[in-house]
Amino acid sequence: MLTALITAVSLYYLQVYHFYEEPKTGDTVTMVPLGGTAPEEIIADDVTSIDATSSPIRYRACFTTPMSTALLSETYRPAPGATPLTAPEWFDCFDATEIGAALETGQAFAFIGAENYEYGVDRIVAIMEDGRGFVWHQLNDCGRKRYDGTPTGPECPALPAAQESN
C-alpha cells in the first residue's frame, strides 16, 4: 500500500510540476499575417509562460494586448479548430475551459502564432475581446499523422533528418 501511494504521488508530481520550468516573463508573442508565412511580433504586455522539454505541446503563455480583435482578424491568419490544452492548476492565468468556451461563443479569436514551430506542432494565439491573450502549442495535421503512424504525404514538410529514425 505504501509503495502504491509513493508511486502515485511521484507520478502526480512528475506530470504536474517536475517537467515544467518555473514561470518566466519577457517572451514575445508572434502571429502569421494573412497571405504570409513568417510570424510577426505583436504588442503583448505582461507575458508569462511555462514550458517543458518533455513534450513540444506543453508550452502555455498568458498576456494582455491593447490591439482589438477586429484589427487582429483583418491582419492575421485565423486558426480554425483551435482547441486550448489544459495547463497545470498552479499556472492559474491559463484556463483552457474558459478559453475554449470563449472561442466557441465568438468572445475570443484564435490565430496562427507560428506554423511548424516544431515539426507537426503549430503555436496558437487566442485573444479575448477584453485584451487577454493566451498561447499554446497544438498538433497540426502533419503532426497528428506523424504521431499516429499515418504516412504524412506530400502536403507535409519533409521530416527533419534527426527525427527520421524515430
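The residues of the chain are indexed from 1 along the displayed sequence.
A distance of 5.5 Å separates CD1 in I127 from OG1 in T65, rounded to the nearest 0.5 Å. Atom CE of residue M31 and atom OG1 of residue T75 lie 7.5 Å apart, to the nearest 0.5 angstrom. We find the CG-OG1 distance between D95 and T86 to be 10.0 Å, quoted to the nearest 0.5 Å. E40 CD to T28 OG1: the interatomic distance, rounded to the nearest 0.5 Å, is 12.5 Å. Taking CZ from R58 and CG from D51, the interatomic distance works out to 10.0 Å, rounded to the nearest 0.5 Å. Atom-to-atom distance recorded for T30:OG1 and F111:CZ is 13.0 Å, nearest 0.5 angstrom.
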### Task
Quick one: do R123 and E115 satisfy salt bridge (Lys or Arg N to Asp or Glu O under 4.0 Å)? Show the steps, please.
CA-CA 6 Å; R123 181 167 275 189; E115 286 185 302; over 6 Å; no
One pair to check against side chain to side chain contact (heavy atoms under 4.5 Å, CB included): V125 and Y76. What are the steps and the verdict?
CA-CA 10 Å; V125 179; Y76 297 101; over 6 Å; no
Practice prompt. Begin from the C-alpha positions of N116 and D122 and carry the test side chain to side chain donor-acceptor pair (under 3.5 Å) through to its verdict.
Written response: CA-CA 5 Å; N116 285 302; D122 291 340; 4.9 Å; no
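The nearest pair of heavy atoms linking A38 to P33 is O-CD, 3.2 Å.
For the pair W90/I50, a side-chain contact is recorded, criterion being any heavy-atom separation below 4.5 Å from C-beta on. Using a 4.5 Å cut-off on side-chain heavy atoms (C-beta onward), T69 and M128 make no contact. When side chains are defined from C-beta on, P84 counts as touching L103, because their heavy atoms get closer than 4.5 Å. Contact annotation: the side chain of H137 never approaches that of I124 to less than 4.5 Å [non-hydrogen atoms, C-beta and beyond]. When side chains are defined from C-beta on, V47 does not count as touching C62, because their heavy atoms never get closer than 4.5 Å. When side chains are defined from C-beta on, S49 counts as touching Y59, because their heavy atoms get closer than 4.5 Å. Side-chain contact check for R60 versus F134: every heavy-atom pair is 4.5 Å or farther apart.
No donor-acceptor pair closer than 3.5 Å links the side chain of W136 to the backbone N or O of A126. Looking only at distances, no side-chain donor or acceptor of T64 sits under 3.5 Å from a matching main-chain atom of G131. In terms of modelled atom types and a separation under 3.5 Å, the side chain of Q138 and the main chain of T83 share a donor-acceptor contact.
There is no path of hydrophobic side-chain contacts, each under 4.5 Å, that joins V29 to Y117. Neither F109 nor L34 shares a network with the other; the hydrophobic side chains, linked directly or stepwise wherever heavy atoms of I, L, V, M, F, W or Y lie under 4.5 Å apart, form separate groups for each.
Because its NZ or CZ atom is not both nearer than 6.0 Å to the ring centre of F63 and within 45° of the ring axis, R132 does not count as a cation-pi partner of that residue.
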